[in-house]
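Labels below follow one simple rule: chain letters A, B, ... track the order of the sequence lines, proteins then strands, and each chain is numbered from 1. Since the structure is predicted, the reported quantities are computational estimates derived from the model, not experimental observations.
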Amino acid sequence: MYLELQQQLSERIRETIQSKYGIELVSIAIEQPPDVKLGEFATPVAFELARKLRKAPKIIAGELAEALSAQSDDSAFTSFGAAGAGYLNVKLNRVATALRLSVENEGLNSGAGLHVLVEHTSINPNKAAHVGHLRNAILGDTFVRILRANGQTVDVQNYIDNTGVQVADVVVGFLHLENRSLAEIGSIISACEAKDEKFDYLCWDLYARVSQWYDAGTEEENKQRKAIRYATLHEIERGGNETAEAADLISTAVLRRHLETMLRLNIEYDFLPRESEILHLHFWELAFELLKKSGVLYFETEGKNKGCWVMSRPGSGNGSDAAAAEDGQESGVDEDAKVIVRSNGTVTYVGKDIAYHLWKFGLLGRDFGYKPFFQYLDHLCWISAEQGEAEHPHFGGAQAIYNVIDSRQSDPQANVIHALRGMGHTAEADRYTHFSYEMVALTPRCAVELGYTVAEEDLARPYIEVSGRKGFGVKADDLIDQLIAASRKEVDARQTERTADERAVIANQIAIGALRYFMLKFTRNSVIAFDFKDALSFEGDTGPYAQYAIVRARNIFRKAGIEPEAALTEFAALDQAAVTSLLAEADDIWGLWLRAAKRSLTLDQCIAASEPAYVARHVFQLAQEFNNFYHKHRILIEEDPARKTLLLATAAVALREMVTLLSWLGIEAPEAM
RNA sequence: GGGCGAGUAGCUCAAUUGGAUAGAGCAUCAGCCUUCUAAGCUGAGGGUUACAGGUUCGAUCCCUGUCUCGCCUACCA
């Protein structure tokens with residue numbers, strides 16, 4: 001609601017300036033004064049006008065205030081005044097705003113009708129998920145929830161690289177280090193499932209062992225081992241052999257584990273496109289023709305990339321790739337060009353990615369086959385297949401896409417966007433968002449706690465990068481287990497009269513709340529130096545802090561014997577004059593209403609900047625303000641009935657907002673804490 | 001070498017994208033449970049926003065230079 005008021009005010013000031021001074025301003029900045037006593041809105045527009053009008057900002061602000069005050073019939077804003085060195089401050093009609101807010105509960109819905117595709121998680125299916133993957137999945141899932149709150153239709157995809165070198169390494173481990181047959185691998189997987197052991201954990205260790213094995217022998221041995229590695233990879237890529245079958249068995253079992261891990265955090269997917277289908281359904285061949293036709297790709301005849309099909313890099317040259325190809329000899333060879341097809345005819349990862357992204361936008365002219373893969377409570381998750389079911393939903397062909405991939409991938413992502421633009425798909429390139437974020441690393445202290453040997457020079461650094469190859473990292477399920485154990489201890493101590501089952505549910509909600517909030521409170525491009533002390537904290541700027549505020553608010557209504565909705569209805573029936581004076585003298589109470597009104601603003605900014613942390617910050621501020629309110633006002637023993645109704649309504653609105661905002665973050669509010 | 005990101009309180013991070021006195025959490029110290037649950041609240045200390053210039057009414061934010069740190073930068077996949 002705040003956003004609408006802001007836009008309304010901005011437009012009105014713009015018109016006033018236009019009619020009074022004849023100056024056309026494109027946009028008017030509206031912000032909030034440092035203290036609510038000064039008003040709810042402020043604009044520094046007079047500073048901007050000072051030079052043009054050759055008047056002091058303070059005088060201009062005064063004139064504008066006078067002109068705006070003179071305009072009649074407006075119920076939203078009650079007063080305009082000049083303040084400070086030349087700010088124009090605006091006061092809101094508190095009662096009217098509160099009344100609107102008490103009945104309004106819709107989202108922003110400015111994105112209605114937009115069909116978008118969000119891709120996140122995308123873990124190589126060769127080992128267990130770790131903290132870094134958690135950040136990816138939580139960011140992605142939260143952004144999906146936020147886009148949906150904005151009315152957008154969202155398909156959630158999790159890309160599976162099941163034919164890459166990482167899967168090949170684990171296959172090498174099973175076939176060559178452990179000397180397992182295909183059948184034995186199958187029984188290991190079913191034994192894990194039967195014994196409730198984690199197959200992805202087993203792969204985690206094996207992957208680390210294989211990585212070491214490649215370098216552990218004599219020079220001659222290592223050469224042979226690398227040869228095994230690439231032979232394995234090529235067999236997996238080709239398909240239709242036992243090695244590929246082993247890879248499929250392993251990667252599918254690990255993928256299933258990933259989906260189970262993510263489900264613990266309430267993260268679900270709609271579709272799992274796999275690289276094996278991108279290969280076998282020949283997406284690349286189609287894309288190759290399109291790329292050649294558009295001139296984005298050209299055949300290099302000189303220099304180090306001789307014999308390759310290459311493409312210019314985003315930053316280089318004047319953008320005309322075809323022209324660059326033609327006068328290549330004249331202007332010198334572009335040695336910096338990105339190789340897409342190697343001189344031996346094989347395609348690079350970026351090439352396959354371009355093909356895949358043409359499909360995402362419905363520009364490839366070919367589709368995956370689809371098979372059901374994982375059943376959620378209320379929907380089915382599909383997986384790509386060479387020959388799928390006759391009846392299936394359709395994915396791809398989105399209007400806008402978001403790829404949640406860490407910042408290390410920004411170069412290849414930029415290449416794909418560059419290719420799309422070069423092919424003339426500029427609208428699609430503009431709606432292609434690399435939702436980039438920094439990695440999760442471990443503090444040296446955390447690494448030592450986990451029993452890893454840390455090099456001397458690493459001990460002095462603020463953080464150390466995790467590495468699946470070295471088996472260095474915190475596994476997602478382990479972290480979740482630790483969080484649940486820690487919250488369970490607290491719940492057991494506090495909720496002695498509840499059953500074990502009830503306590504388990506609460507402990508789970510708190511643990512997930514803590515974890516999701518922890519991953520969301522940092523802005524995207526700040527590296528998270530992971531530490532158990534911070535991640536396991538339930539105090540201060542954490543998820544449980546907000547959950548606790550909700551529990552407190554609900555307790556008020558439980559003890560009062562009244563529903564929050566009823567309190568809001570009663571509030572609406574109060575004498576307006578009485579409410580006016582109550583709200584006028586209580587800036588702290590009004591501040592909570594005002595904060596609650598800012599949901600629309602937060603949503604808008606969050607989507608514009610692709611920054612879920614804004615929502616986390618907003619809900620924390622709201623919870624903080626509510627806790628202050630809670631301590632200051634003893635609602636149940638309030639004697640003035642009108643005042644009590646106002647206090648209850650305030651709590652009801654704060655409660656509603658906190659619950660809504662936490663649901664956007666994928667965090668549930670427990671019954672009790 | 002080139003590209004991207006970062007440098008803010010002892011630590012971890014914010015700062016409505018150029019606005020009024022740079023704010024939170026943790027940690028430290030001092031208080032508040034016979035009250036709607038203390039996973040909470042109140043207060044204190046803690047800052048030359050890496051450094052030097054520039055742009056303007058105004059700079060943590062934009063520009064230039066310097067320093068420091070991280071990531072990316074293969075015809076590997």
Side-chain angles (χ1 to χ4, degrees), chain A residues 29-35 38 42-44 46-48 50-51 56-57 83-87 89 161 163-166 168 226 229-230 233 237 300 304-310 313-315 336 338-344 346 348-349 406-412 414 436 438-439 441 443 461-463 465 487 490-491 494 510 514 521-523 525-529 531 533-534 537-542 544-545 547-549 551-560 598 601-602 605 608-609 613-614 617-618 620-621 624 627-628 630-638 647 651 672-673:
Chain A
I30 305 284
E31 45 203 57
Q32 203 184 339
D35 187 338
L38 295 168
T43 176
F47 295 111
E48 203 179 326
R51 172 161 287 184
Y87 283 92
N89 288 348
D161 183 3
T163 57
V165 72
Q166 298 214 34
K226 292 278 163 61
R229 184 188 203 190
Y230 291 111
L233 175 64
E237 282 180 343
E300 184 57 84
K304 68 171 180 134
N305 294 332
K306 185 176 175 181
C308 299
W309 286 89
V310 302
R313 287 185 193 266
D336 194 41
K338 177 73 197 165
V339 172
I340 303 298
V341 181
R342 304 185 189 97
S343 52
N344 67 5
T346 57
T348 61
Y349 189 81
D406 75 60
S407 63
R408 286 170 291 195
Q409 298 290 323
S410 61
D411 221 47
S436 143
E438 274 292 347
M439 63 184 169
T443 61
R461 305 201 316 184
Y463 53 82
E465 194 172 351
S487 64
E490 296 290 325
V491 174
R494 292 157 205 254
I510 292 169
K521 72 186 213 182
F522 302 92
T523 49
N525 54 12
S526 116
V527 176
I528 297 182
D531 198 311
K533 183 177 77 67
D534 297 331
S537 166
F538 300 146
E539 288 166 18
D541 188 7
T542 66
Y545 178 92
Q547 290 174 313
Y548 189 62
V551 168
R552 287 177 139 183
R554 283 184 178 155
N555 281 344
I556 296 170
F557 291 101
R558 193 167 42 77
K559 287 269 169 94
K598 284 185 167 175
L601 180 71
T602 302
Q605 290 172 341
Y614 291 168
R617 178 162 43 102
H618 183 228
F620 176 63
Q621 288 172 339
Q624 215 171 22
N627 274 333
N628 285 318
Y630 179 92
H631 272 270
K632 192 166 170 190
H633 306 283
R634 285 161 298 169
I635 299 173
L636 296 183
I637 58 164
E638 173 59 48
L647 292 174
M673 282 178 77

Please test A/Lys598 against A/Gln32 for side chain to side chain donor-acceptor pair (under 3.5 Å), starting from the C-alpha separation and ending with a verdict.
CA-CA 11 Å; A/Lys598 284 185 167 175; A/Gln32 203 184 339; 2.3 Å; yes

When we call it a touch if two heavy atoms are under 4.0 Å apart, what does [X] touch: a base, just sugar-phosphate, or nothing?
X	answer
A/Gln547	nothing
A/Lys306	base
A/Arg494	base
A/Glu539	sugar-phosphate
A/Lys304	base
A/Gln409	nothing
A/Gln166	nothing
A/Phe522	sugar-phosphate
A/Val310	nothing
A/Asp534	nothing
A/Pro44	base
A/Asp406	nothing
A/Leu636	base
A/Ala42	base

In whole Å, what separates the [atom1] atom of [N] from that of [M]?
N	M	atom1	answer
B/G19	B/U60	P	10 Å
B/A15	B/G7	C1'	16 Å
B/C63	B/G3	P	14 Å

Whole angstroms only, please: what is the [atom1]-[atom2] distance between [X] and [N]?
X	N	atom1	atom2	result
A/Tyr545	B/A24	OH	P	11 Å
A/Asp541	B/G23	CG	C1'	12 Å
A/Arg51	B/G18	CZ	P	19 Å
A/Lys632	B/U42	NZ	P	11 Å
A/Asn555	B/G40	CG	P	15 Å
A/Asp161	B/C76	CG	P	15 Å
A/Met673	B/A39	CE	P	9 Å
A/Arg342	B/A74	CZ	C1'	10 Å

Spacing of [atom1] belonging to [X] relative to [atom2] belonging to [Y], to within rounding of 0.5 Å:
X	Y	atom1	atom2	answer
A/Thr542	A/Asp534	OG1	CG	11.5 Å
A/Leu233	A/Thr163	CG	OG1	7.5 Å
A/Lys338	A/Asn305	NZ	CG	10.0 Å

Is the base of [N] touched by the side chain of [X] through a donor-acceptor pair closer than 3.5 angstrom?
X	N	value
A/Ser343	B/C75	yes
A/Tyr614	B/U17	yes
A/Asn627	B/A39	no
A/Arg617	B/A24	no

Identify which nucleotide among [options] has an atom closest to any side-chain atom of [X], counting heavy atoms from C-beta outward.
X	options	result
A/Lys559	B/U37, B/A77, B/A39	B/U37
A/His631	B/A39, B/C41, B/C75	B/C41
A/Asp411	B/C72, B/C41, B/A20	B/C72
A/Ile510	B/A77, B/G40, B/A39	B/A39
A/Phe620	B/G25, B/U37, B/A39	B/G25
A/Val491	B/C41, B/U12, B/A39	B/A39
A/Asn525	B/G5, B/G70, B/C57	B/G5
A/Ala83	B/C41, B/A39, B/A20	B/A20
A/Asn628	B/U42, B/G40, B/C13	B/U42
A/Arg552	B/U56, B/A38, B/C76	B/A38

Using purine N1 to pyrimidine N3 plus N6-O4 or O6-N4 for Watson-Crick, or N1-O2 and O6-N3 for G-U wobble, both under 3.5 Å, which nucleotide pairs with [N]?
N	result
B/G53	B/C63
B/A6	B/U68
B/G40	B/C32
B/A74	none
B/A24	B/U12

Hey, can you tell me if A/Phe47 and A/Tyr87 have their rings parallel, tilted or perpendicular (30° and 60° cut-offs)?
perpendicular

Donor-acceptor check, side chain of A/Lys521 to backbone of A/Asp541, threshold 3.5 angstrom: yes or no?
yes

Taking the side chain from A/Arg494 and the backbone from A/Met673, do they hold a donor-acceptor pair closer than 3.5 Å?
no

Please tell me if A/Arg313 has a side-chain N or O lying less than 4.0 Å from either OP1 or OP2 of B/G3.
no

Considering just the side-chain nitrogens and oxygens of A/Gln621, establish if one lies under 4.0 Å of OP1 or OP2 belonging to B/U16.
no

Less than 3.5 Å apart, any donor N or O on the side chain of A/Ser407 or A/Glu438 sitting next to an acceptor on the other?
yes

Give a yes/no verdict on base stacking between B/A20 and A/Tyr87: centres under 5.5 Å, planes within less than 30° of parallel.
yes

Heavy-atom count around A/Lys306 NZ within 6.0 Å, excluding the residue itself: above 12?
no

For A/Tyr349 and A/Glu48, take the nucleotide of RNA chain B holding the closest heavy atom to each; which residue's nucleotide lies nearer the 5' end?
A/Glu48

Test salt bridge (charged side-chain N to carboxylate O under 4.0 Å, His left out) on A/Asp406 and A/Arg408; report intermediate values, then the result.
CA-CA 6 Å; A/Asp406 75 60; A/Arg408 286 170 291 195; 3.1 Å; yes

